[in-house]
Student: 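Sharing a structure, written as structure tokens. Questions coming.
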Amino acid sequence: MYVCLCVGVTGQQVIDAVQAGAVTTRQVGERTGAGTVCGRCKNNIRALMAATAQQPQPLT
Ligand code: FES
């Protein structure tokens, strides 16, 4: 499902960016482009980032 319609970024791309180390919406934007045009999706990006951060990470 798309989170950012301006750039066509999916929720999975945001999750991947967070799991790769992005901790701010700016960093997610730098990695994916999400939130870099109109900014209306930033609340959804933040919610997705918070949900991703609460997910248990697999042991490596
Ligand atoms: Fe994401 Fe516009 S919907 S920048």
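Whatever order the structure lists them in is the order used to number ligands and atoms, beginning at 1. Just so it is clear, the values below take in all heavy atoms, side chains as well, and ignore hydrogens, waters and symmetry mates.
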Student: Under the criterion side-chain contact (heavy atoms from CB on, under 4.5 Å), I'd like the reasoning laid out for V3 against V9: C-alpha separation, chi angles, the key distance, then a yes or no.
Tutor: CA-CA 6 Å; V3 172; V9 175; 5.6 Å; no
Student: Is C6 close enough that one of its N/O/S atoms sits under 2.8 Å from atom 2 (Fe) of ligand 1?
Tutor: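 It does; at least one qualifying atom falls short of 2.8 Å.
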Student: With rounding to the nearest 0.5 angstrom, report the CD to OH distance, Q12 to Y2.
Tutor: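 It comes to 13.5 Å.
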Student: Could you measure the distance from the NZ atom of K42 to the CE atom of M49? Nearest 0.5 Å is fine.
Tutor: 11.0 Å
Student: With a cut-off of 2.8 Å, does C41 place any N/O/S atom under that distance from atom 1 (Fe) of ligand 1?
Tutor: yes
Student: Near L5, which atoms of ligand 1 are under 4.0 Å from a heavy atom of that residue?
Tutor: 3 (S)
Student: Taking both backbone and side chain into account, is any N, O or S atom of C4 nearer than 2.8 Å to atom 2 (Fe) of ligand 1?
Tutor: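 So C4 does not count as coordinating atom 2 (Fe) of ligand 1.
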Student: Would you compute the distance between atom CG of L5 and atom CG of N44 and round it to the nearest 0.5 angstrom?
Tutor: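 CG of N44 is found 9.5 Å from CG of L5.
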Student: Group every Ile, Leu, Val, Met, Phe, Trp and Tyr by side-chain heavy-atom contacts under 4.5 Å, then state whether I45 and V37 land in the same group.
Tutor: yes
Student: Check ligand 1 against C38 and write out every atom of the ligand that is under 4.0 Å from a heavy-atom position of the residue.
Tutor: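 By the 4.0 Å cutoff, the relevant atoms are 2 (Fe), 3 (S), 4 (S).
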Student: I'd like to check which ligand 1 atoms, numbered from 1 as shown, lie under 4.0 Å from a non-hydrogen atom of V37.
Tutor: 4 (S)
Student: Could you check whether any side-chain heavy atom of V7 comes within less than 4.5 Å of a side-chain heavy atom of T36, counting everything from C-beta outward?
Tutor: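 Side-chain contact under 4.5 Å: yes.
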Student: So, 4.0 Å and heavy atoms of A34: is ligand 1 close enough to count as a contact?
Tutor: no
Student: Show the atoms of ligand 1 that are less than 4.0 angstrom away from any heavy atom in G39.
Tutor: 2 (Fe), 4 (S)
